[in-house]
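For clarity, every value in this text was computed on a predicted model and none was experimentally measured.
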Amino acid sequence: AQCGPKGSILDGNPIDRIKISSKVLGFSAVEAFAVKARGNSMIPKINPGDLVIAKKAVAIDGGEIVVCVNNGEVLIKKVQKIPTETGNITYNLISLNPEFAPFTANEDFRIEGVVRGILSYLK
């Protein structure tokens with residue numbers, strides 16, 4: 001998943017599988033998936049090459065870091081929910097790296113999972 005623009009779409013066909021105990025995850029492994037981070041918009045928490053472990057979810061309270069799809073691209077972002085005057089909710093997608101400005105999610109925005117762990121890539 002891209003930490004920044006130009007991500008790819010999750011297609012449900014895993015490239016590989018990693019055995020991780022539910023005891024280590026803190027939730028059922030059936031609910032887990034992992035993506036490799038690309039880009040630097042989530043530095044210092046998530047670096048390029050890090051393996052991001054997420055728990056499947058379709059809704060959040062707000063303020064969580066998620067793996068999401070926006071404009072047909074898979075992204076890792078912090079999400080802020082913003083209630084509108086009409087009673088709807090819009091979502092701001094926020095990078096942790098201050099070099100990247102927050103932006104409003106598109107109509108196709110959906111959450112795939114909440115980030116629950118990061119396995120750092122060692123160079």
Side-chain angles (χ1 to χ4, degrees):
Q2 187 73 17
C3 297
K6 309 293 184 223
S8 60
I9 298 172
L10 289 174
D11 63 6
N13 295 313
I15 294 171
D16 208 348
R17 296 186 187 272
I18 302 170
K19 289 188 176 191
I20 300 177
S21 168
S22 294
K23 290 179 184 179
V24 171
L25 290 173
F27 58 94
S28 171
V30 174
E31 299 176 279
F33 67 95
V35 293
K36 186 178 275 191
R38 292 184 292 156
N40 61 358
S41 72
M42 295 304 284
I43 289 174
K45 186 172 183 93
I46 302 171
N47 295 288
D50 286 354
L51 193 60
V52 177
I53 309 295
K55 180 180 181 184
K56 292 178 187 176
V58 294
I60 59 166
D61 293 329
E64 291 101 328
I65 296 175
V66 302
V67 177
C68 60
V69 176
N70 186 63
N71 197 25
E73 297 176 334
V74 177
L75 302 173
I76 301 170
K77 294 291 175 204
K78 184 173 181 179
V79 177
Q80 178 183 27
K81 291 169 83 171
I82 312 249
T84 65
E85 292 178 9
T86 60
N88 294 326
I89 294 177
T90 60
Y91 297 91
N92 274 352
L93 304 181
I94 303 165
S95 298
L96 300 181
N97 183 338
E99 293 180 21
F100 296 85
F103 58 96
T104 302
N106 289 341
E107 290 180 21
D108 75 336
F109 174 78
R110 71 180 183 274
I111 294 163
E112 295 289 338
V114 177
V115 173
R116 297 292 297 267
I118 301 159
L119 299 175
S120 293
Y121 174 71
L122 300 175
K123 293 180 183 179

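Between atom CG of residue Asn71 and atom CZ of residue Phe109 there is a gap of 12.5 Å, rounded to the nearest 0.5 Å. The CD atom of Glu107 lies 11.0 Å from the CG atom of Asn70; values are rounded to the nearest 0.5 Å. A distance of 4.0 Å separates CD1 in Ile60 from CD1 in Ile111, rounded to the nearest 0.5 Å. Distance CD/Gln80 to OG1/Thr104: 9.5 Å, rounded to 0.5 Å.
Lys81 has its side chain within reach of Tyr91: a pair of non-hydrogen atoms, C-beta onward, lies under 4.5 Å apart. In this structure the side chain of Ile76 never reaches within 4.5 angstrom of the side chain of Ser41, judged on heavy atoms.
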Exercise. Passes side chain to side chain contact (heavy atoms under 4.5 Å, CB included), Val79 versus Asn92? Steps please.
Worked result: CA-CA 6 Å; Val79 177; Asn92 274 352; over 6 Å; no
Exercise. Yes or no on side chain to side chain contact (heavy atoms under 4.5 Å, CB included) for Lys77 and Ser95, after CA distance, side-chain angles and deciding distance?
Worked result: CA-CA 6 Å; Lys77 294 291 175 204; Ser95 298; 2.8 Å; yes
Exercise. Under the side chain to side chain contact (heavy atoms under 4.5 Å, CB included) criterion, do Val115 and Ile53 qualify, and how do the steps go?
Worked result: CA-CA 6 Å; Val115 173; Ile53 309 295; over 6 Å; no
Exercise. Could you walk me through whether Arg110 and Val58 pass the side chain to side chain contact (heavy atoms under 4.5 Å, CB included) check?
Worked result: CA-CA 7 Å; Arg110 71 180 183 274; Val58 294; over 6 Å; no
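Shown here are the side-chain contact (heavy atoms from CB on, under 4.5 Å) partners of Lys45, two or more places apart in sequence or in another chain: Ile65, Leu96, Ile118. Legend: residues meeting side chain to side chain donor-acceptor pair (under 3.5 Å) with Thr86, ordered by chain and number and at least two apart, are Thr84, Asn88.
Heavy-atom minimum distance, Ala54 versus Gly113: CB-C, 4.2 Å. Minimum interatomic distance between Lys78 and Met42 (heavy atoms only, all atoms of both residues): N-CE, 3.9 Å. When all heavy atoms are compared, the tightest approach of Phe33 to Lys55 is CE2-C, 4.5 Å. Scanning all heavy atoms of the two residues, the minimum distance from Asp50 to Ser120 falls at OD1-CA, 3.2 Å. Taking each heavy atom of Ile46 and Ala37 in turn, the nearest pair found is CG2-CB, 3.6 Å.
Under the 4.5 Å side-chain heavy-atom criterion for Ile, Leu, Val, Met, Phe, Trp and Tyr, Leu75 and Ile82 are members of distinct hydrophobic clusters. Linking ILVMFWY residues whenever their side-chain heavy atoms come closer than 4.5 Å, directly or via other members, leaves Ile43 and Leu119 in distinct clusters.
Within the structure, ring-ring contact (aromatic ring centres under 6.0 Å, His included) contacts touching residues 46-81 (residues at least two apart or in different chains) do not occur.
The closest donor-acceptor contact from the side chain of Asn106 to the backbone of Asp108 lies at 3.5 Å or more, if one exists at all. Panel note: side chain Glu64, backbone Gly62; a donor-acceptor pair is recorded below 3.5 Å.
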